[in-house]
Amino acid sequence: MDPRPIRRVLVANRGEIAVRVIRACREMGIETVAVYSDADAGAKHVRLADRAVRIGPPPAVDSYLRIAAIIDAARAAGADAVHPGYGFLSENASFARACADAGLIFIGPPADAIGKMGSKIGARGLMERAGVPVVPGRTPADQTDAGIAAAAREVGFPVLVKASAGGGGKGMRAAHDPASLAEAIPAARREALAAFGDGTVYLERLVERPRHVEIQVFADAHGNVVHLFERECSIQRRHQKVIEESPSPALTPALRARMGHAAVEAARSAGYQNAGTIEFLLDGRGDDASFYFLEMNTRLQVEHPVTEAVTGLDLVRAQLQVAMGQPLPWQQSNLHQRGHAIECRVYAEDPSAGFLPQAGPLLLYREPSGPGIRVDSGVEEGKDVGVYYDPMLAKLVAWGETREAAIERSIQALERFPVLGVRTNIEFLGRTLSHAAFRAGDTHTGFIDEHLEELLERAAAADAVFAAAAAAAGERSPAGAGPAAVIPDPWMTLTNWGR
Amino acid sequence: MDPRPIRRVLVANRGEIAVRVIRACREMGIETVAVYSDADAGAKHVRLADRAVRIGPPPAVDSYLRIAAIIDAARAAGADAVHPGYGFLSENASFARACADAGLIFIGPPADAIGKMGSKIGARGLMERAGVPVVPGRTPADQTDAGIAAAAREVGFPVLVKASAGGGGKGMRAAHDPASLAEAIPAARREALAAFGDGTVYLERLVERPRHVEIQVFADAHGNVVHLFERECSIQRRHQKVIEESPSPALTPALRARMGHAAVEAARSAGYQNAGTIEFLLDGRGDDASFYFLEMNTRLQVEHPVTEAVTGLDLVRAQLQVAMGQPLPWQQSNLHQRGHAIECRVYAEDPSAGFLPQAGPLLLYREPSGPGIRVDSGVEEGKDVGVYYDPMLAKLVAWGETREAAIERSIQALERFPVLGVRTNIEFLGRTLSHAAFRAGDTHTGFIDEHLEELLERAAAADAVFAAAAAAAGERSPAGAGPAAVIPDPWMTLTNWGR
Amino acid sequence: MADALSITIGDRTATVMPSGKGDVRVGDVSLDIAYGPTRGEVVIREDGRQTRAFVVRAADATWVFHEGRIFVAGVEAEGASRRRAPHGPGSLIAPMPATVIAVNVREGDAVKAGDVLILLEAMKMELPLRATHDAVVSAVHCSAGDLVQPNLPLVDLT
Amino acid sequence: MADALSITIGDRTATVMPSGKGDVRVGDVSLDIAYGPTRGEVVIREDGRQTRAFVVRAADATWVFHEGRIFVAGVEAEGASRRRAPHGPGSLIAPMPATVIAVNVREGDAVKAGDVLILLEAMKMELPLRATHDAVVSAVHCSAGDLVQPNLPLVDLT
């Protein structure tokens with residue numbers, strides 16, 4: 001492949017990942033174009049970019065999911081490449097194709113590879129042919145309730161019902177018997193339809209108490225494929241990841257090598273390029289554990305900073321280099337894991353109400369900092385958490401020399417991460433990291449459900465909390481006094497972002 | 001040595017290093033006691049600690065340099081150990097001894113080792129006996145102006161005149177001939193007296209266009225000594241470091257091994273324990289370069305984060321472990337440099353006025369963040385930069401896969417580091433990193449002087465700057481509107497720190 | 001901060017008495033408050049030991065962040081009458097702005113604990129509102145397709 | 001932001017004309033200003049390209065941070081008379097709060113460019129104030145031991 005320089009990237013996303021991509025571009029001397037819906041006018045990713053283009057009203061289907069609007073924005077702003085981030089259009093083969101048709105470099109895999117891996121059936125077949133083990137499962141040809149139920153009996157209970165299109169657990173439901181299956185089918189179908197515009201459901205044998213362990217892979221246009229080791233993402237709620245770490249406490253060098261090899265073969269068999277992740281279910285731990293291909297995410301993952309922290313690599317920079325046709329800057333033999341990294345996803349949600357997403361104003365929002373701490377976020381104090389998009393506020397990544405040190409550092413950072421005005425899972429995250437089973441590395445995808453009661457326990461408020469509440473009831477200071485009075489505050493009322 | 005647990009550490013320092021130590025303690029479950037002068041009431045390090053003790057009025061001689069006050073504070077607060085940070089009493093053998101006498105663990109080397117290395121004469125002798133090369137120099141026995149001048153003729157011009165006590169370049173002056181020496185002697189003596197209470201001066205041959213390359217060493221009570229590779233600190237003004245990096249562009253593996261070996265021998269010969277740094281002057285680059293022992297800093301260095309970034313180690317945590325009598329957690333063969341790290345010291349100073357320190361209010365102060373960025377600081381928006389202590393505001397440390405990436409990341413971070421109300425060297429730092437000679441690794445301790453004119457060039461203000469200035473002239477928003485009105489603001493006028 | 005405050009957090013209500021100059025008494029305990037340089041930050045000292053908290057007063061509650069925990073406090077002048085109880089303990093409320101996709105009950109229906117009475121959708125997820133106890137529906141305040149706001153009752157139960 | 005402003009940065013003085021709703025004209029160029037969520041942050045747009053700046057108005061000047069550079073601007077209503085020139089161009093001023101340790105000249109002394117006229121100490125360092133040009137001392141405003149404040153003349157030169 002000939003080198004194709006990239007001079008201006010349109011970032012077809014929002015929030016922390018858009019900020020992440022913009023920063024990487026800037027460090028490489030590449031200009032950036034942000035896109036935004038009306039809900040994101042003036043957002044952090046919009047202000048950090050060199051250019052910003054409005055693409056529609058708040059609902060994602062009218063903005064961040066509108067292929068034509070994004071292609072138009074790229075043309076209008078003179079972009080020569082598009083970074084899709086994660087979510088939204090990142091795993092949409094039509095979008096990758098539309099970019100190519102418009103002469104834009106799509107910073108990700110070829111549309112073909114997205115297509116192959118986007119179809120669960122196709123991906124499984126590919127994996128089986130490549131010798132990668134898969135979990136028993138199928139997409140019933142007969143998608144009536146009865147047809148799906150019949151197929152479930154063949155796959156065997158317990159069974160997972162999920163959207164055939166898309167990943168991330170949206171629309172996913174477990175059924176342990178035919179009765180619960182009858183409830184799960186219509187709900188999964190409805191949510192699949194709403195989320196992906198396609199109500200086809202997929203059935204899969206449920207492996208009990210599995211770990212979710214995934215392998216980061218990276219491939220270039222010159223036939224080089226490497227893996228960047230594993231991330232364990234077993235701590236999930238509502239089938240979405242909450243805490244990710246690397247290395248996995250369950251892996252041994254031999255198992256890591258087997259899984260890494262399988263992941264590289266998987267990527268190779270799909271003709272893959274750029275960053276991707278092979279998700280596995282891990283049954284057991286240590287040399288003798290079994291692993292099953294779950295799916296491939298054909299994009300950068302939310303949790304990529306965990307890999308960056310332990311490998312000392314910049315994945316977004318490498319994405320750009322590969323997209324420009326350069327060879328991968330790494331060789332497998334030079335890659336090593338060092339220390340331990342943990343990512344906590346800070347969500348606006350109420351753990352005690354079934355992790356219900358929360359909306360409201362970020363009356364106070366202060367990120368922790370310090371050695372070994374990285375916070376990726378797209379939100380800011382004074383802004384609203386809206387109802388239109390994913391309620392993730394920030395990713396807190398802590399690195400330490402050992403798993404124990406990374407856990408302690410994460411806990412201390414969470415204690416210095418005040419977010420007020422909207423309920424968050426910060427306290428819940430701290431309790432999870434402090435839990436004896438987590439500290440022991442005894443994790444599986446049902447961890448949160450299993451320990452939920454303990455994880456939701458709430459300490460009584462200390463006297464200091466009452467004193468602090470009283471402090472906020474203090475009188476307003478006279479206007480004109482104090483350092484804040486030095487500056488007039490158009491920031492309080494003017495924004496000029498709405499047009 | 002028997003293990004001696006540490007439960008509560010008094011941090012005998014202020015600013016960013018006090019914050020750094022407090023964070024490390026907290027991550028290890030160790031309580032902390034801050035001390036503060038009246039100028040630091042309510043400072044960041046004071047608020048982050050579990051306890052805080054006032055030790056005197058603002059001048060350092062009346063507070064942070066008062067051994068008795070600090071020992072009293074440690075006793076009153078029930079501390080069982082003292083971390084001295086850098087500067088102040090950190091290299092004062094009497095202080096280390098006073099701690100020991102009071103039954104407090106001094107988190108640093110034995111008082112003996114401080115004493116041996118604190119005396120330039122003693123340290124040189126020790127190094128010569130250990131086979132470590134030294135620069136020609138001496139402390140004149142006759143400390144009259146005439147005696148010093150006579151000694152200088154023997155050492156040979158150009159010659160450096162500096163304080164015999166203490167390091168860091170305070171009171172250091174270069175003289176290229178007898179006339180400039182006559183001016184340098186009384187000034188060096190006065191500043192030495194003011195800074196260290198000891199006016200004895202030391203003379204040393206000046207190596208021209210040398211690099212300042214230092215080796216981090218670490219030793220425990222069990223006879224283990226390792227080195228953590230080099231830091232190049234050639235970018236200096238007023239003989240104080242401004243930019244530090246690791247690896248040094250001048251070192252080859254063979255030269256690194258020679259210098260590392262010499263540093264370990266130097267530490268061993270002094271019976272050293274805990275973290276220390278052997279500073280060398282490097283003459284030339286590559287395998288054939290010569291290096292000379294300059295001095296040993298018997299404490300944690302300002303620039304230790306550079307080493308932490310490339311080695312993936314936590315030096316403060318290791319300091320605490322070693323002080324508790326534990327063996328070093330590392331072995332030389334497992335230590336590696338990975339990628340490249342650069343530290344920029346952000347000072348309140350005016351580069352165009354001879355780097356004159358500046359005082360005033362931090363009307364606006366926002367730290368950059370992002371992947372590979374670490375900022376260690378002890379200051380905050382709304383606080384004053386005072387005249388009593390070192391004008392360093394923050395250390396910006398950027399890590400990248402390559403030197404080029406670390407430079408670009410640093411430059412981008414400096415462009416996102418607005419500090420207003422006090423002049424800083426932020427623009428100067430950006431120009432230094434961008435300079436072709438710096439990018440080429442063509443650095444030496446005279447770099448700033450050599451390129452000063454270019455480094456001080458100022459771009460004309462763009463139209464955008466005029467527009468921004470106009471924005472601040474906007475009218476005050478009506479009270480009661482906007483998110484800030486939700487809360488009354490006792491923060492504007494009340495502090496309650498003064499008592 | 002002059003008059004006594006009645007502060008409720010969770011199960012506990014305490015009388016908090018400011019004594020001027022940053023001292024407060026919480027019940028019988030005396031604490032000392034110092035304000036940090038950033039909005040909302042306070043340091044509370046008790047017996048030589050200090051902790052940091054962040055606090056913000058919203059329209060209907062005071063939020064406190066303390067050592068990794070979040071508390072929502074009701075703060076009132078001592079002796080003031082309690083403010084509004086916007087809905088009965090038997091009401092189901094929308095926890096967030098959401099769209100109603102189904103209303104499964106009518107006034108007068110008998111429901112059992114766990115029954116899904118209302119199905120909401122927000123952030124692409126279905127949120128079922130279930131009966132908290134066996135009851136009779138005394139009122140329904142929404143219908144399918146409504147965009148509903150948080151903290152308002154959607155269904156009242158006896 | 002209604003009337004025209006006269007803004008001086010370094011050598012350049014420009015008339016800046018707010019036109020309402022966040023637009024401004026700097027000389028002949030039209031720019032668009034949007035306010036960020038944090039105090040002092042603005043985004044300035046010109047021809048589709050935008051940059052961020054941070055700005056704060058102090059008592060005697062407006063500070064602007066823009067792409068790693070710091071500017072100190074004088075902002076005045078157009079047509080307003082220039083404010084105070086607190087000291088002549090030939091005055092030596094204390095650059096920061098400092099202690100005077102030596103005054104080497106008296107009124108009437110002739111001095112040469114580079115001569116150290118005053119020796120200050122601050123932050124443990126000696127700060128010599130040197131004559132900027134050959135001149136005669138017309139006034140001395142301090143003596144040894146004084147604690148002096150910034151921006152006030154210590155010695156006037158003809």
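All chains are named by letter (A, B, ...) in the order of the sequence lines, taking the proteins before the strands, and each is independently numbered beginning at 1. Note that the structure is a prediction, hence the values are computed from the model and not measured.
By a heavy-atom distance cut of under 4.5 Å, A/Trp399, A/Glu401, A/Ala405 are the residues of residues 395-406 of chain A near chain B, going up by number.
Taking chain A as the reference chain and counting heavy-atom pairs below 4.5 Å, the highest number among B/Met28, B/Arg23, B/Arg20 is found for B/Arg23. Interface summary for chain A: among B/Leu364, B/Ile411, B/Leu313, the most heavy-atom pairs under 4.5 angstrom belong to B/Leu313. In terms of heavy-atom pairs under 4.5 Å with chain A, the best-connected choice from B/Gly372, B/Pro371, B/Ser377 is B/Pro371. The choice from B/Val316, B/Thr311, B/Ile373 that makes the most heavy-atom pairs within less than 4.5 Å of chain A is B/Thr311. Contact count against chain B (heavy-atom pairs under 4.5 Å) is highest for A/Ser369 among A/Pro329, A/Gly29, A/Ser369. Contacts with chain A were tallied for B/Glu415, B/Arg317, B/Glu27; B/Glu27 has the most, counting heavy-atom pairs under 4.5 Å.
For A/Arg374, the part lying under 4.5 angstrom from a heavy atom of chain B is the side chain only. For A/Pro361, no part lies under 4.5 angstrom from a heavy atom of chain B. Proximity to chain A involves both the backbone and the side chain of B/Arg338, based on heavy atoms less than 4.5 angstrom apart.
Applying the side chain to side chain donor-acceptor pair (under 3.5 Å) criterion to B/His340, with sequence neighbours excluded, gives B/Glu245.
Within 6.0 Å of CZ in B/Arg7 there are 12 or fewer heavy atoms belonging to other residues, nucleotides or ligands.
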